[in-house]
Enquirer: 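Here you go, one structure.
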2 protein chains.
Amino acid sequence: MSLASDQPKSNAAGKPTLYKRIRLDIETRILTGEWPPGHRIPFEHQLMARYRCSRMTVNKALSELAQADLIERRRRAGTFVRRPQHLSAVLKIADIRAEITALGRSYGYQLIECQRRTATSADRARLGVSTAGKVVAIACRHSADNVPFAVEDRLIDLSTVPEAADADFAREPPGSWLLHHVPWTEAEHTISAVVADDRTAKELDIAVGAPCLVIDRYTWRSARTVTAVRLHYPGETHRLVARFKGG
Amino acid sequence: MSLASDQPKSNAAGKPTLYKRIRLDIETRILTGEWPPGHRIPFEHQLMARYRCSRMTVNKALSELAQADLIERRRRAGTFVRRPQHLSAVLKIADIRAEITALGRSYGYQLIECQRRTATSADRARLGVSTAGKVVAIACRHSADNVPFAVEDRLIDLSTVPEAADADFAREPPGSWLLHHVPWTEAEHTISAVVADDRTAKELDIAVGAPCLVIDRYTWRSARTVTAVRLHYPGETHRLVARFKGG
DNA sequence: TTGACTTATATGTCTAGACATATAATCGTG
DNA sequence: CACGATTATATGTCTAGACATATAAGTCAA
């Protein structure tokens with residue numbers, strides 16, 4: 001059948017589309033606490049009746065809310081407001097070269113050290129692997145307009161990424177190389193603050209004892225560790241910005 | 001028509017569903033660099049032919065990739081791999097009380113100062129408003145198992161949230177109160193590192209000069225500022241963790 | 001050449017209905 | 001009462017087709 005006569009779906013008046021309205025309605029009820037954590041959201045067929053639309057339209061709204069972790073959907077049981085009422089921000093951490101060039105500044109890269117070796121026990125602990133294999137250990141520095149931007153200390157597991165043995169990290173930063181050669185399936189960032197030690201201060205050209213933002217990133221492909229990297233940014237100048245929308 | 005005879009959609013063999021397979025296929029091509037930024041992804045009707053499925057199935061896969069900012073979709077033009085090839089992490093920043101209780105530790109809260117006043121010029125600059133209205137300024141401390149966890153310095157715009165004038169911030173932390181009373185539509189976090197000054201060191205019970213992680217959060221409802229808050233965490237012990245999946 | 005108008009097309013949204021699947025709830029049985 | 005089998009039900013996925021809308025591309029006149 002044609003629906004044009006049944007249901008106006010025109011957007012000529014500038015109103016948001018129906019599924020977005022449904023999504024916003026539910027989202028608002030959750031965020032204001034009207035529907036607290038654990039509350040059961042009306043069934044799809046009830047929302048169909050309330051909004052006079054098809055199940056796919058309701059489903060699209062609920063799917064997006066589930067993807068955003070605001071609700072939890074369980075077969076047969078229903079749909080519920082998730083317990084930890086948290087804010088959720090999409091933090092975009094670009095490849096450093098892309099980040100710097102996007103700011104309109106010139107990107108510089110210096111390899112400090114690159115060593116291929118059999119994994120030490122410290123390496124194995126850092127990568128979270130138990131068997132001894134080969135690794136590549138890299139220390140390097142990124143700069144913007146010739147000012148130090150971040151120093152990087154990285155370990156790549158060659159048993160997961162054997163191709164990395166042939167990459168030329170004197171020319172291409174390891175982060176860029178990995179991004180373009182290895183698909184990751186999971187990653188974890190940990191952000192913390194430290195004060196600069198002797199070596200870091202020297203490499204970033206800041207004072208010993210100055211604050212640094214530290215990002216530790218682990219990347220996996222399936223169940224295998226790809227790389228572990230620690231980045232030091234000068235804390236006075238660098239900022240991580242995460243902007244996000246609730247509606 | 002029924003499709004059961006045309007197209008097996010059974011998942012008995014444990015295979016992922018079709019739209020997820022399409023999404024993963026495209027995602028892998030993007031993340032390996034096979035389809036670089038700017039590359040045009042096949043049109044929906046081409047993907048329909050390739051995967052022998054309906055347009056809605058292809059559309060669901062592409063919509064999710066667009067939501068994840070991996071691709072950009074433009075009417076008439078097509079679908080393209082987005083330019084800044086970035087990692088994207090969902091950083092979940094819970095309400096502090098929820099965060100602490102989720103760790104199985106006892107939550108403590110002390111109001112240090114709470115002042116209702118007409119906005120000073122510094123207040124207006126911080127909130128990003130030009131007109132002089134009333135604000136609430138709050139300083140407080142959160143602790144876990146009686147150890148200082150974070151100190152908070154907050155400004156609430158009463159012209160946006162007049163109800164906040166009647167809230168009792170001596171009993172309920174302002175973050176929790178706001179989360180349950182005010183729907184936000186947009187927010188921004190900025191994460192940086194500093195060293196503890198005299199006052200912060202005293203409030204967090206750490207040494208002057210010790211590293212602190214600082215989170216600045218601004219929250220808006222529509223175009224109106226709701227609140228601006230700055231949180232200081234002891235950098236040695238606190239970590240922000242963002243775990244995310246690429247598949 | 002340039003700007004206004006028209007057209008073609010790819011995505012955006014929506015429908016009514018189908019089958020698939022996990023699981024809460026119920027029912028029987030030892 | 002405890003526990004395994006059955007049933008009902010809400011969500012998960014998918015289809016074929018329709019109309020809506022933004023806009024790239026082509027057309028034509030000033």
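Note that the structure is a prediction, hence the values are computed from the model and not measured. Residue numbering restarts at 1 for every chain, and letters A, B, ... go by the order of the sequence lines. Every heavy atom of this structure was used, including side-chain atoms; hydrogens, water molecules and symmetry mates were not.
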Enquirer: Between C:dC14 and A:K60, is there an OP1 or OP2 to side-chain N/O distance shorter than 4.0 Å?
Expert: no
Enquirer: Atom CZ of A:R97 and atom CZ of A:F149: how far apart are they, to the nearest 0.5 Å?
Expert: 14.0 Å
Enquirer: Could you pull out all residues at least two apart from B:R50 that satisfy salt bridge (charged side-chain N to carboxylate O under 4.0 Å, His left out)?
Expert: none
Enquirer: Quick one: is C:dT13 close enough that its OP1 or OP2 comes under 4.0 Å of any side-chain N or O from A:K20?
Expert: yes
Enquirer: Between CG of B:L127 and CH2 of B:W220, what distance do you get to the nearest 0.5 Å?
Expert: 10.5 Å
Enquirer: Can you measure B:Y19 atom OH to D:dG12 atom P for me and round it to whole angstrom units?
Expert: 9 Å
Enquirer: At what distance, to the nearest 0.5 angstrom, does NE2 of A:H45 lie from CZ of A:R55?
Expert: 10.5 Å
Enquirer: How many Å lie between CD on B:E64 and P on D:dC14, as a whole number?
Expert: 11 Å
Enquirer: For C:dT15 and A:T57 - does any side-chain N or O of the residue sit under 4.0 Å from the phosphate oxygens OP1/OP2?
Expert: yes
Enquirer: If only atom types and distance count, is the side chain of B:T57 paired as donor or acceptor with the main-chain N or O of B:Y19 below 3.5 Å?
Expert: no
Enquirer: With 3.5 Å as the limit, what N/O pairs link the protein to nucleotides 6-11 of chain C?
Expert:
unit_1 : atom_1 : unit_2 : atom_2 : d
C:dA8  : N3     : B:R76  : NH1    : 2.8
C:dA10 : O4'    : B:R76  : O      : 3.4
C:dT11 : OP1    : B:T79  : OG1    : 3.2
C:dT11 : OP2    : B:E44  : N      : 3.2
C:dT11 : O2     : B:R75  : NE     : 3.4

Enquirer: Starting at OH of B:Y51 and ending at C1' of D:dT13, how long is that distance when rounded to a whole Å?
Expert: 17 Å
Enquirer: Side chains of B:D145 and B:S106: is there a donor and an acceptor less than 3.5 Å apart?
Expert: yes
Enquirer: Take the protein atom CD of B:E72 and the nucleotide atom P of C:dG12, then report the distance between them rounded to whole Å.
Expert: 11 Å
